[in-house]
Amino acid sequence: MTLLLHDKLEEQSIYLPTVARIAAIRDLTAMEKLYTIQLPDGYSLNNRPGQFVEVAVFGVGEAPISISSSPSRSNGSFEMCVRRAGDLTGVLHQKKVGDTIGIRGPFGRGFPIERFRGKDLLFAPGGLGIAPLRSLINEIRDDRCNYGRVTILSGARTPGDLLYKDELAEWDARDDVDLRLTVDHGDDTWKGNVGVITTLFPDLQVYARNTIAVVIGPPVMYRYVLMELLGKGIPEGNIWFSLERRMKCGVGKCGHCQMENIYSCQSGPAFPYSEIKHIEEAI
Amino acid sequence: MGFRIMSKTAFPDWVDGLCRRYRVVGPKPVHGQYVFDDIESAEELDLGYSQTVLPPKKYILPPRETIFRFDGASVEAVVANSDRWTVALGVHTCDMHAIHLLDRVHEHGYQDQHYQARRENTVLVSIECLKPCTPFSFCKDMGTLSITEGYDLHLTDLGEDYAMDIGSEKGEALLEGFAFIHEPTDEDYRRVNQVMTEKWPNFAYRLEFDTTELPSLLTVSMKDDAYWDELGERCLACGMCTNVCPTCYCFNMVDEVDFSLEAGDRIRQWDSCQIDEFALVAGGHNFRGPRSARQRHRFLRKGKYQWEAYGLIGCVGCGRCAQACLVHITPVDTFNALYHRHRQGHVEEVR
Amino acid sequence: MSKPKVAFFEFTSCEGCQLTVVDSLQTNVELLDAIEIVQFREAMSEKGQDYQIAFIEGSCTRPSDEAVIKRIREQADIVVALGSCADLGGINAIRNYQDLDDVRHYVYGDKADWYETYPARPISAVVPVDAAIPGCPIDRNEFIAAVKEVLQGRMPQIPDYPLCIECKLKGNVCVYLRGKTCLGPITRAGCDAICPTYGDSCEGCRGMVSSPNFEYMRIVLEEHGLDFEEARAKMTMFLNYQMMELEQEAANDNAKA
Amino acid sequence: MTMQKLKVDVHHVTRVEGHGNIVVDVENGELKQCELQIVETPRFFEAMLRGRHYMDSSHITSRICGICAVGHATTSLRATEKALGVTPSEQTVLLRKLNFHGEILDSHILHVYMLVAPDFLGVGSVIPLAQSAPDVVLRALRMKKLSGDICATLSGRHTHPIAMTVGGFTHYPTNDQLYQLRERLDAVRADVEATVALIQTLRVPDFERDTEYIALHKEDEYCFIDGEIASTDGGTWPVERYREVTNETMVPHSSAKHTANQRQSYMVGALARFNVNHDKLHPKAQAAATALGLKAKCTNSYMNSVAQVVEIAHCIEESIEILDTLLERGVEPEEPAPATRLSGEGVGSCEVPRGILFHNYVIEEGVVVGANCVIPTGQNLANIEADMRSLVPSILDQPQEDITKALEMLVRAYDPCISCSAHMLDVEFV
Ligand SMILES: Cc1cc2nc3c(=O)[nH]c(=O)nc-3n(C[C@H](O)[C@H](O)[C@H](O)COP(=O)(O)OP(=O)(O)OC[C@H]3O[C@@H](n4cnc5c(N)ncnc54)[C@H](O)[C@@H]3O)c2cc1C
Ligand code: SF4
Ligand code: SF4
Ligand code: SF4
């Protein structure tokens with residue numbers, strides 16, 4: 001029997017992590033590493049794209065991290081991309097293959113991928129936003145024929161900050177994915193677009209009614225991308241965001257992620273704009 | 001389950017008996033104020049207390065609590081299952097209502113086993129308030145001036161006697177084997193009813209509108225930036241208001257390790273939405289940076305969000321925050337001011 | 001990090017923080033196994049010059065100490081300011097508000113010129129400092145926690161929320177309700193609110209939180225019977241250096257406007 | 001062969017509190033220079049007190065020294081109380097005495113075990129002892145923790161006590177806490193015996209030089225708080241006339257002032273207290289003195305550390321007695337005794353671990369307008385130099401390292417608290 005991590009939490013304590021092992025580590029950039037986490041025998045994450053786990057580094061604390069691998073490719077293990085941003089992520093970056101960490105989750109409701117079937121998909125990740133989106137993109141790629149056009153507009157600060165370069169190249173090579181990259185500041189090697197992510201929109205043609213847009217990135221990005229998307233006529237219910245907040249529990253108790261009456265960790269972090277447009281604190 | 005009568009002369013013996021069997025906590029005087037603390041005999045207890053610094057919530061959701069222990073690759077949850085009850089004596093009805101809200105939050109969605117274990121271990125002996133406890137309380141407005149359920153035992157002061165309403169088997173167990181109680185007579189019913197009718201006029205309504213309007217008032221007032229800015233300018237962001245509040249439950253998690261760096265505890269600790277870093281995230285974005293946004297969050301959470309999320313208003317009118325606040329930000333003043341500003345059209349103006 | 005080499009230094013201070021370090025051994029003897037102390041003048045004769053972590057106690061109060069502090073900075077990978085004197089200027093900075101010549105003459109009379117001194121300043125005013133353990137004296141648990149954090153490969157973290165939070169977690173009766181005043185609302189927590197717990201007001205020895213509302217703090221003090229000067233005195237027992245900086249900033253802003 | 005030329009320059013004497021250098025210069029067998037230079041930065045506490053509310057004085061002055069923080073606070077409170085006509089209750093006096101004992105114990109244990117013992121055991125610090133003699137180190141830590149806990153129970157912490165205030169305390173221990181201290185003190189008696197036994201095995205250098213010994217004195221007790229000034233050369237002075245005894249002067253090589261009374265210099269501290277008040281010691285402490293070969297009047301400055309051990313025995317016993325009294329009468333929370341006036345002058349004096357300490361304040365309308373503090377180590381400086389001058393010629397035949405070590409040990413025996421001594425002087429009183 002495969003046990004959901006959840007089940008174990010329900011039994012003893014919702015705050016008790018499952019001890020898992022770091023199976024592989026890959027440097028993506030100077031700041032980001034990709035971790036493959038091996039769960040103990042019999043456990044499976046059974047996640048949906050857009051969900052996250054609480055990662056515990058014992059002796060330091062816990063942080064919410066998106067699941068970066070797609071459920072279609074999980075096999076008692078999953079991947080996550082971690083940026084060195086402070087205490088916990090800093091110590092995590094010093095860990096080696098074979099070291100143990102704690103995992104709780106998956107949490108959040110994720111993207112309702114069944115509702116995306118047959119639709120054109122427009123992905124707009126900024127910076128680290130590609131981490132959770134990769135899970136969704138790969139899930140769709142493995143089931144490509146069930147979706148319409150797939151467009152990825154991806155932005156990073158500099159070419160060196162681009163995450164998943166090899167996978168980007170792989171997507172780019174496919175003719176069923178339209179990948180467009182931009183960086184805020186170019187360098188000698190960079191031949192592509194320079195400018196913030198919204199500069200990619202003017203050239204973009206969409207079939208608005210049939211398009212689902214998924215936007216994940218730093219908080220400042222949402223408002224601007226939203227205006228572009230609404231400007232293209234994409235319906236409010238088709239524009240999805242991941243609203244990441246500070247979180248200390250992942251289970252709707254600690255209060256940190258609250259946006260008015262909504263707990264982002266439980267009701268989100270993936271939300272369609274239609275659900276949150278009245279929430280002053282959301283975007 | 002009805003009620004029993006216990007004379008006040010027998011009451012100390014009963015309390016002393018409880019002290020021998022259980023951990024008993026109750027209000028004790030300290031430096032002119034009161035705190036809930038362990039009681040070893042009836043003498044230490046002062047049921048005529050005004051208001052305690054911290055609400056009795058601290059026995060169910062302690063300020064600091066070990067959630068689990070870790071040692072290398074093993075983890076073990078620490079859940080406070082205990083055979084020994086904690087009997088909280090003399091809980092005011094506002095605090096009872098607050099515990100009711102906490103119960104609802106912690107059983108909603110995921111069950112919080114740590115909360116529940118302590119909750120199950122706690123026996124609540126509440127007491128009917130017959131006069132306002134402090135000039136800051138506004139329980140009558142918030143509908144928390146009395147209580148009809150949720151207690152294990154509920155005391156009403158009848159002068160010479162206590163009426164003891166039995167609310168649960170736990171409550172009944174506290175009376176078990178104690179000889180000096182009797183079934184109520186008709187006269188006792190009359191006395192209880194009299195006390196209950198006489199108490200109401202002792203309390204004043206302090207909100208100038210009906211509490212049922214609170215959520216909708218706050219929905220409009222959300223945009224009253226000028227008002228929130230004024231609060232933000234005064235607010236010290238000291239967090240006292242939330243830390244003394246019986247309905248606040250936000251927390252932080254911190255780790256403590258020994259020198260092996262391998263073994264230690266994960267500890268849950270009360271947090272406050274009023275401090276700078278409560279909604280700060282990596283990358284430096286603060287979702288509630290200005291103090292005005294934090295004050296607004298606090299009041300809307302109490303008067304609106306909790307209502308929308310859990311069907312209960314998040315403030316029970318105990319007045320602790322009002323007494324604690326050094327710059328005199330109080331729910332009564334805030335709600336009344338918003339009400340007047342709304343009536344005078346301030347909010348529309350802002351728009 | 002494997003057994004880091006640690007050195008302790010002191011400048012103008014009462015050495016109470018170093019004493020607290022010694023006292024922390026009472027409950028944490030393992031400390032001696034976890035780190036290698038190569039220099040600690042108060043407690044040992046050896047003077048190793050090879051260290052990675054330097055704990056500096058005391059304020060810098062004379063120009064000639066600056067070179068010594070800079071040498072420490074060059075040698076150490078991590079410099080930690082130990083205690084209020086080092087972190088804030090602390091009690092030594094009270095005199096910055098007074099006329100320094102007057103101060104010297106008051107204490108040393110006509111021999112004042114024999115003794116070199118200048119306004120007291122925190123170590124961070126001389127060299128960059130990586131972390132601080134504030135407090136007068138430091139809290140021993142916080143010191144131990146800081147050492148563990150360094151061993152874990154991260155910088156020591158101290159709370160950035162007000163003391164009132166801690167004070168209320170302890171269930172203390174607010175000293176304002178006992179007829180006193182307290183700097184808890186603007187002071188950085190981390191000492192377990194020890195002063196209010198022992199019935200006294202907080203004097204702000206751990207420094208201010210990063211965005212203190214000190215205008216309203218002052219109003220609160222005045223409301224509780226302190227006049228402007230008394231309120232200022234209250235707020236400057238340990239915080240004079242910071243207050244003078246803030247006042248300077250305000251003056252500069254005014255000049256600009 | 002006697003050394004004709006010798007230069008000793010110990011930069012920053014270690015294992016003492018504060019910064020001091022020893023400088024000795026011998027040319028052609030003749031002593032040219034012999035100084036204990038105090039290079040500690042000046043602290044200016046007296047100046048910092050001016051303009052402050054009288055309630056702040058004890059909190060500010062406790063920061064003069066982290067090791068004798070309770071001593072400074074108590075002395076400061078006594079000065080303020082005398083200035084403002086405050087009479088503390090009997091309970092306050094008892095609690096303060098107990099707190100004071102906690103500090104004497106703490107400081108003496110630190111000095112004897114951590115700062116002095118390594119010299120006798122031939123190591124550089126207590127750290128290698130943790131390996132070679134763990135039981136000794138653990139005993140020291142255990143005894144020191146108890147001393148610190150006494151202070152923590154009464155005033156929140158030892159270094160910079162909190163709950164001590166003008167007229168009394170702002171916090172009171174529970175009877176339960178006192179009872180636990182009583183139990184622990186009882187248990188620590190064995191450690192005291194072990195300490196005496198350890199010190200018995202150490203060889204204290206032979207060195208005699210008669211000087212004047214000054215300490216506070218009371219008829220009915222081994223005095224630490226209040227009392228009058230007494231000298232082994234005869235004479236007593238009320239503490240208010242401390243200036244007649246201390247006669248502070250400044251010397252260029254020291255940021256601490258020097259003092260002299262009836263001779264060129266005098267000594268204060270445990271040995272001085274013993275020489276003045278030995279007959280008031282608890283019988284167990286007198287027995288310890290006998291066991292350790294300490295007899296009044298002792299003129300070997302190195303024996304100061306031994307006198308500290310005797311005081312450890314005394315303070316443990318007296319603490320137990322105080323606790324018994326407190327437990328019997330029960331500690332009742334009480335409001336601090338009020339000030340009867342807001343202006344006045346007062347002198348507080350206590351025997352802190354390193355000797356006699358004076359705080360002298362002038363207060364006007366609740367604000368401190370004048371202050372002077374005379375610190376024990378400052379009073380010892382001239383005497384230390386006199387000792388060095390007498391010692392050096394007699395050991396010139398020894399290797400330089402040994403001379404250096406002997407001098408360092410001598411300085412250390414005084415348990416100098418250099419950071420507190422760096423304050424100073426001649427304040428024209430307003
Ligand atoms: C739903 C969700 C998914 C996330 N997915 C990823 C991911 O895939 N990869 C990744 O690298 N990061 C992700 N993050 C961000 C990540 O959680 C933070 O970088 C991490 O918590 C920082 O922790 P730290 O201990 O390293 O930093 P700290 O030393 O604690 O602090 C660094 C900064 O992070 C802020 N911070 C502290 N705790 C949190 C918290 N719980 N949440 C957010 N900010 C916090 C602090 O205020 C500070 O500004 C995600 C966050 C959320 C809410
Ligand atoms: S918000 Fe204030 S009045 Fe309302 S329950 Fe909380 S503390 Fe009491
Ligand atoms: S005593 Fe001081 S720290 Fe404590 S709550 Fe009151 S103001 Fe805050
Ligand atoms: S309560 Fe205030 S003065 Fe006391 S130790 Fe803490 S920060 Fe310092």
Side-chain angles (χ1 to χ4, degrees), chain A residues 6 9-21 40 54 56-64 83-89 99-102 107 127-128 218-220 243-264 266-267 278 280-282, chain B residues 67-68 70-79 105-106 108-115 117 219 222-223 248-258 260-264 266 268 271-273 277-283 285-288 293 296-297 300-301 304-310:
Chain A
H6 272 143
L9 301 183
E10 294 283 357
E11 272 168 31
Q12 299 184 37
S13 159
I14 41 172
Y15 307 111
L16 188 69
T18 301
V19 178
R21 205 176 59 87
E54 283 284 343
V57 174
F58 299 114
V60 183
E62 210 175 36
R83 168 177 293 175
R84 196 172 70 233
D87 264 1
L88 180 132
T89 49
D99 287 349
T100 50
I101 57 173
F107 295 125
L128 199 54
V220 286
L243 301 182
E244 296 179 356
R245 292 296 188 272
R246 195 181 178 100
M247 292 176 185
K248 289 291 170 190
C249 72
V251 291
K253 308 283 186 237
C254 80
H256 285 269
C257 72
Q258 200 176 1
M259 310 179 292
E260 304 189 12
N261 58 6
I262 294 179
Y263 283 87
S264 169
Q266 286 291 284
S267 313
H278 298 297
E280 184 102 343
E281 293 185 336
Chain B
I67 294 292
F68 64 82
F70 51 87
D71 189 356
S74 77
V75 286
E76 193 191 341
V78 179
V79 180
V105 170
H106 288 91
H108 179 91
Y110 292 98
Q111 320 269 306
D112 187 314
Q113 296 88 342
H114 306 270
Y115 177 90
T219 303
M222 173 109 197
K223 296 241 164 45
C248 277
Y249 53 85
C250 291
F251 61 81
N252 194 0
M253 290 278 199
V254 290
D255 280 16
E256 277 178 8
V257 267
D258 67 14
S260 73
L261 307 181
E262 293 278 315
R266 176 150 306 161
R268 155 156 78 185
D271 207 340
S272 167
C273 60
E277 59 189 31
F278 189 81
L280 179 73
V281 297
H285 191 87
N286 194 337
F287 287 94
R288 274 190 291 278
R296 183 181 75 178
H297 177 72
L300 268 74
R301 192 173 201 256
K304 169 174 146 76
Y305 307 152
Q306 295 295 70
W307 168 259
E308 290 161 348
Y310 301 106

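Residue numbers start from 1 in every chain, and the chains themselves are labelled A, B, ... in the order their sequence lines are given, proteins ahead of strands.
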Item to complete: Go through the structure and list residues passing ring pair (Phe, Tyr, Trp, His ring centres under 6.0 Å) with B/F251, not counting sequence neighbours.
Response: A/Y15
Practice prompt. Could you check which of B/Y310, B/W307, B/F278, B/F68 has the highest count of heavy-atom pairs closer than 4.5 Å to chain A?
Written response: B/F278
Worksheet item: Contact part of A/V251 toward chain B, heavy-atom cut-off under 4.5 Å: side chain, backbone, both or neither?
Response: both
Discussion item. Measuring only between side-chain heavy atoms, which start at C-beta, is A/Q12 closer than 4.5 Å to B/E76?
Written reply: no
Discussion item. Would you say that A/F58 contacts B/D71 through its side chain, given a criterion of any heavy-atom pair below 4.5 Å between the two side chains?
Written reply: no
Practice prompt. Could you look at A/E244 and say if it's the side chain, the backbone, both or neither that has a heavy atom under 4.5 Å from chain B?
Written response: backbone
Discussion item. If you count every heavy atom of other residues, nucleotides or ligands that lies below 6.0 Å from A/E280 atom CD, does the total exceed 12?
Written reply: yes
Worksheet entry | Value rounded to 0.5 Å, distance of NE2 in B/H114 from OG in A/S13 | 2.5 Å
Discussion item. Would you compute the distance between atom SG of A/C249 and atom CG of B/D112 and round it to the nearest 0.5 angstrom?
Written reply: 9.0 Å
Discussion item. Looking at every heavy atom in both A/V57 and B/D255, which two are closest together, and how far apart are they?
Written reply: O-OD2, 3.6 Å
Worksheet item: What side-chain hydrogen bond (donor to acceptor under 3.5 Å, both in side chains) pairs are there with at least one residue in residues 247-256 of chain A, not counting sequence neighbours?
Response: A/H256-B/D271
Item to complete: Please state whether the side chain, the backbone, both or neither of A/P219 comes within less than 4.5 Å of a heavy atom of chain B.
Response: side chain
Fill in: Non-hydrogen atoms of B/E308 and A/N261 that approach each other most closely
OE1-ND2, 2.7 Å
Worksheet item: Between CZ of B/F70 and CG of A/L16, what distance do you get to the nearest 0.5 Å?
Response: 12.0 Å
Worksheet entry | B/R301/A/E260 ion pair, N-O < 4.0 Å | no
Practice prompt. Starting at CD1 of A/I262, measure out to OH of B/Y305 and round the result to the nearest 0.5 Å.
Written response: 10.5 Å
Worksheet item: Looking at B/F287, does the NZ or CZ of A/R246 lie under 6.0 angstrom from its six-membered ring centre and within 45 degrees of the ring axis?
Response: no
